[in-house]
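Below you'll find the structure, written out as structure tokens, and then a few comments.
Whatever order the structure lists them in is the order used to number ligands and atoms, beginning at 1.
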Amino acid sequence: MQFLIDYLEQVKVNNLYRQTVVYDPVDAAHVIQNGQTYLMLASNNYLGLTHEPHVQQAAMEAIRRYGTGSGGARLTTGTYPLFDQLEQALAMFKGTEAALVFNTGYMANLGVISSLAGPDDIIFSDELNHASIIDGCRLSRAQVLVYRHNDMGHLEKLLKTTGCRGKRLIVTDGVFSMDGDIAPLDVIVKLAERYDSLVVVDDAHATGVIGPGGKGTAAYFGIQDKVQVQIGTLSKALGAEGGFVAGSRLLIEAIRNKARSFIFSTALAPAVIAAAQAALQFVAANPDRIEKLRDNAQYVRNLLTARQIPVVSGETPIIPIMVGAANDALRLTAELKEQGLVIAAIRPPTVPAGTSRLRLTVTARHEQEELREAAGKIAAAVGKLKTTER
Ligand SMILES: *Cc1c(COP(=O)(O)O)cnc(C)c1O
């Protein structure tokens, strides 16, 4: 076991050691730890639906009616009635013929990408795509060509100069998880048409967040009919758990037969499926919740910009504050924690070396008053770091 001791030693030396931290949630925006209350600015619970009474009620009723677990994989015994309802609701939401639920977004990416591409194919993948996309590409054994982040010139060059015997797939995050920017999906779709490629978009951070009704990146650009494969998660803005893929009936039928991460894993628990369905209903009935999320995100961006903290302008609730060195990001996080704020320090391998950052996420459940106070503390701490460096 010495190799594990050596490994952990190395990780610690590089400031990349990771630990799970226990937080006791109070509501969607606050947590308690050791008797102290903190403002949560590190969660992907963008709409606060984990604590929405209607959603919680649906989950509790599902437990009473169907039990706590599903007891089997979807293709054997695990498909109870809620699944069909949820998949229909997801297809409606995404404007597609059909949808298929996976146990996580991670598993959706593994299953979908490895079902669509094989050793004869080429996958064109944005350099900042999520780890689960990267792993899906690896599992497919296709050739993977990585294009510079959102660089459509580079993507086109690769498409133009690389032929293959098989299929071509372009895969991208819709909203990039650590940068909060939006993929130029309209351009990607045009390039895909020109170079005969399939487009796969991963809307983990776009679902319930961008586009009309929070319907995601394709809806944001008004091109739902042109994006063949839309992946998403139920675990972030929808406040439940699970992943999904939406597309044509043909696509869904094939993936249901092919995706090993779908076939060989026990179906999600009834409570989770009911919660996801209630969350979709809530989003459709309460568009003001998404408005509030957008207002809050803009509010924090404006406050930080006014204090000379450079933040990427944008429309998503993910606000990265670039720091650079991993130990600086850790120091800032610790300092802000002392001031009552939970903010994630994002370090390699999640992001490229030298681009460690604070990743601030805003939700619809934050009060503007507490956001203003938090932005002040963040600006002061980041400003102090910059001054010391100079
Ligand atoms: C979080 C995330 C996933 C994984 O989804 P889970 O449901 O958490 O497994 C996939 N892709 C992206 C871009 C993500 O941010």
Sub-4.0 Å atoms of ligand 1 with respect to non-hydrogen atoms of Ser177: 15 (O)
Would you kindly say whether Gln33 and Lys337 are connected by a side-chain donor-acceptor distance under 3.5 Å? yes
Got the closest protein heavy atom to atom 7 (O) of ligand 1, with its distance? Thr233 OG1, 2.6 Å
Considering the options Leu198, Val112, Asp202, Ile133, which one meets the side chain to side chain contact (heavy atoms under 4.5 Å, CB included) requirement together with Val171? Ile133
Do Arg372 and Tyr299 meet the cation-pi criteria used here (NZ or CZ under 6.0 Å from the six-membered ring centre, within 45° of the axis)? no
So which heavy atom in the protein is nearest atom 1 (C) of ligand 1, and how far is it from that ligand atom? Lys236 NZ, 1.5 Å
Is it the case that Arg138 and Ser140 place a side-chain donor and acceptor less than 3.5 Å from each other? no
Show the atoms of ligand 1 that are less than 4.0 angstrom away from any heavy atom in Asn109. 10 (C), 11 (N)
Please state whether Gly242 comes within less than 4.0 angstrom of ligand 1, counting heavy atoms only. yes
Do the side-chain N and O atoms of Thr363 and Asn45 include a donor-acceptor pair separated by under 3.5 angstrom? no
Could you tell me if Ser265 and Asn103 have a donor-acceptor pair between their side chains, going purely by distance under 3.5 Å? yes
Protein contact of atom 13 (C) of ligand 1 - nearest heavy atom, named by residue and atom, plus distance: Asp202 OD2, 3.2 Å
Which ligand 1 atoms, with their elements, are less than 4.0 angstrom from a heavy-atom of Ser235? 7 (O)
Passing candidate, side chain to side chain donor-acceptor pair (under 3.5 Å) with Asn296, options Gln368, Glu367, His366: Gln368
Distance to 0.1 Å, residue and atom name: give those for the protein heavy atom nearest to atom 9 (O) of ligand 1. Tyr106 N, 2.9 Å
Any non-hydrogen atom of Ser132 lying under 4.0 Å from ligand 1? yes
Test item: side-chain donor near acceptor, Tyr195 and Glu156, under 3.5 Å: yes
Contact atoms of ligand 1, heavy-atom distance to Asp173 under 4.0 Å: 13 (C)
Side chain or backbone of His205 under 4.0 Å from ligand 1, or both, or neither, by non-hydrogen atoms? side chain
Quick check on contacts: which atoms of ligand 1 are under 4.0 angstrom from a heavy atom of Gly105? 4 (C), 5 (O), 6 (P), 7 (O), 9 (O)
